[in-house]
Structure formats: C-alpha cells, structure tokens
Amino acid sequence: AVLAHPRPSLHALSMEIPAHWFEVHANALPRAALYLWHGFAASTRKTYSTGQKSYIDFCHLNRSVLTEPGHYLPAPDRAIIEWVSSLEDWALQPKTIKGYLSTVCSLHIDEGLSFDACKSRTVCRVICSIKHYHGKHKHNPKQPIMLNILQKLTSVAGNLSNPSEAFLDVAFKTA
C-alpha cells in the first residue's frame with residue numbers, strides 16, 4: 001500500500017518565496033507561481049546567481065548597451081552580445097559562457113519575460129568564434145605509469161634519513 005502524506009499548505013510552501021514573486025506571476029494561480037519558484041533547488045538558484053550577477057554587473061558598467069537606462073530586462077540583443085563577448089576576457093570557456101547565458105534565460109523566466117537570445121544565431125556565432133579564435137581548452141590527460149618508468153623510479157634509493165622521503169620511497173616500491 002502506498003502511504004499518502006498530507007500535502008503541505010500553500011501558505012507553508014510559500015514562506016520562503018520573495019514577496020515580489022507573486023506580483024511578477026500575477027497572471028498565474030498562486031499554486032502555479034509557487035511551483036515555478038520551487039522548480040529549482042536553493043543550491044541551483046545560488047549557482048545561477050553567479051551568471052546572473054555577471055550580466056547585471058556588466059549592464060551597470062556598460063549602460064550604453066541598454067535600450068532603456070537602468071532596465072537590464074528584457075535583455076537587449078546588443079547587451080547580450082557585448083556581455084557574452086566580454087566573458088572571454090575572464091578566460092571563461094565557451095561551455096561556461098553558454099551556462100551563463102542559460103542563467104540569464106532563467107532570470108527572464110523568473111520575471112515572466114520571453115528570451116530568445118539562447119537561440120540567436122548571432123550569439124551562437126560569437127560563442128563559436130571565441131572557441132575558434134582562442135582554440136579549445138588545453139588539457140593534460142594523466143598517462144598510465146608504465147612498468148619501465150616504475151622500475152626506474154624504484155631502482156634508486158631515496159633519502160631514507162628524511163621520514164617524508166622514506167615514506168615516498170616505500171610508496172613507490174610498493175605500488
């Protein structure tokens with residue numbers, strides 16, 4: 001048998017939701033607005049805040065990209081393109097830039113606004129250009145320790161008078 005738990009009241013679930021949330025989603029029923037808020041875990045909202053803060057800070061520093069002074073939402077195409085271009089200055093990889101762009105999309109959803117920049121061919125081209133211009137992220141994969149290398153390492157005795165080096169020597173020889 002499946003045990004049914006009592007459903008929490010709308011009031012209990014909405015206690016941690018910011019007051020403006022229900023105003024932004026006034027066209028939705030309170031329960032729908034509640035579930036829109038709880039669509040993300042608190043940790044996800046915190047993670048998303050990094051990308052969102054980056055976009056908002058960029059707009060505050062570069063007011064000329066905004067179509068209306070002080071209004072960063074809805075995000076003008078120029079603001080998104082300039083912001084995405086600036087993210088490379090912080091050595092962010094294209095994958096991270098795409099993630100940041102998704103957080104701004106989420107910010108629009110939170111405010112009940114549409115947002116098409118994620119699908120913009122211009123924005124996609126800027127991100128692809130960053131990747132091509134600077135090359136792919138260099139990585140140094142770990143190589144397996146081959147028997148001949150291990151034999152060379154263990155053939156030389158370390159300084160056994162130093163406890164740290166003695167432990168390292170033992171570790172090499174027992175690997």
Side-chain angles (χ1 to χ4, degrees), residues 4-143:
H5 297 284
R7 293 173 63 174
S9 71
L10 184 60
H11 175 71
L13 287 172
S14 64
M15 289 178 64
E16 61 190 65
I17 300 174
H20 80 279
W21 186 258
F22 290 102
E23 294 169 19
V24 169
H25 297 283
N27 59 340
L29 293 173
R31 189 164 289 282
L34 174 131
Y35 288 126
L36 282 170
W37 175 261
H38 287 289
F40 288 125
S43 59
T44 302
R45 286 197 182 277
K46 185 172 184 201
T47 300
Y48 274 28
S49 69
T50 303
Q52 293 167 351
K53 183 179 181 321
S54 169
Y55 168 71
I56 293 167
D57 288 349
F58 176 82
C59 290
H60 283 293
L61 293 171
N62 301 278
R63 295 178 191 273
S64 65
V65 299
L66 300 175
T67 51
E68 192 175 333
H71 293 259
Y72 55 89
L73 292 179
D77 289 345
R78 180 173 176 220
I80 293 295
I81 291 166
E82 294 288 334
W83 171 64
V84 164
S85 298
S86 76
L87 291 175
E88 195 285 322
D89 295 342
W90 296 95
L92 296 179
Q93 295 298 312
K95 182 178 178 181
T96 304
I97 294 172
K98 288 178 186 177
Y100 274 30
L101 188 59
S102 294
T103 70
V104 174
C105 181
S106 179
L107 187 62
H108 280 74
I109 292 168
D110 286 351
E111 296 298 323
L113 302 169
S114 62
F115 184 67
D116 297 323
C118 287
K119 300 172 193 165
S120 164
R121 290 181 183 202
T122 307
V123 172
C124 289
R125 182 176 287 177
V126 168
I127 294 170
C128 285
S129 295
I130 289 170
K131 184 175 183 177
H132 293 310
Y133 186 79
H134 292 284
K136 291 185 177 180
H137 179 63
K138 295 179 179 106
H139 65 282
N140 190 6
K142 303 294 181 226
Q143 299 295 323

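From a predicted model like this one, the values you see are computed outputs, not experimental measurements.
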Exercise for review: Please report the C-alpha distance between I97 and V126 in whole Å, then the side-chain angles of each, then the deciding distance to 0.1 Å, and finally whether the side-chain contact (heavy atoms from CB on, under 4.5 Å) criterion is met.
Suggested key: CA-CA 10 Å; I97 294 172; V126 168; over 6 Å; no
Measuring from atom [atom1] of [X] to atom [atom2] of [Y], what distance do you get when rounded to the nearest 0.5 angstrom?
| X | Y | atom1 | atom2 | result |
| --- | --- | --- | --- | --- |
| H108 | L73 | NE2 | CG | 4.5 Å |
| D57 | W83 | CG | CH2 | 11.0 Å |
| I80 | E82 | CD1 | CD | 11.0 Å |
| L101 | T96 | CG | OG1 | 12.5 Å |
| E88 | I130 | CD | CD1 | 6.0 Å |

Main chain of [Y], side chain of [X]: is a donor-acceptor contact present, judged purely on distance under 3.5 Å?
| X | Y | result |
| --- | --- | --- |
| S102 | K98 | yes |
| S129 | R125 | yes |
| R78 | S64 | yes |
| Y55 | Y72 | yes |

Review point. Does any non-hydrogen side-chain atom of S54 lie less than 4.5 Å from one of W90?
Key: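 Answer no - side chains too far apart.
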Point to revise | I127 vs V84 side-chain heavy atoms within contact, under 4.5 Å | key: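 Side-chain contact under 4.5 Å: yes.
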Study note, to complete from the structure: side-chain contact (heavy atoms from CB on, under 4.5 Å) filter on N62, not counting sequence neighbours, yields F58, V65
Practice item. Would you please name every residue forming a ring-ring contact (aromatic ring centres under 6.0 Å, His included) with Y100, sequence neighbours left out? Key: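 Partners of Y100 under the ring-ring contact (aromatic ring centres under 6.0 Å, His included) test: none.
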Show the atom names and distances, to 0.1 Å, of all donor-acceptor pairs under 3.5 Å that link a side chain in residues 109-121 to residues at least two apart or in another chain.
from, atom 1, to, atom 2, distance (Å)
D110, OD2, R45, NH1, 3.1
S120, OG, T122, N, 3.2
S120, OG, V123, N, 3.2

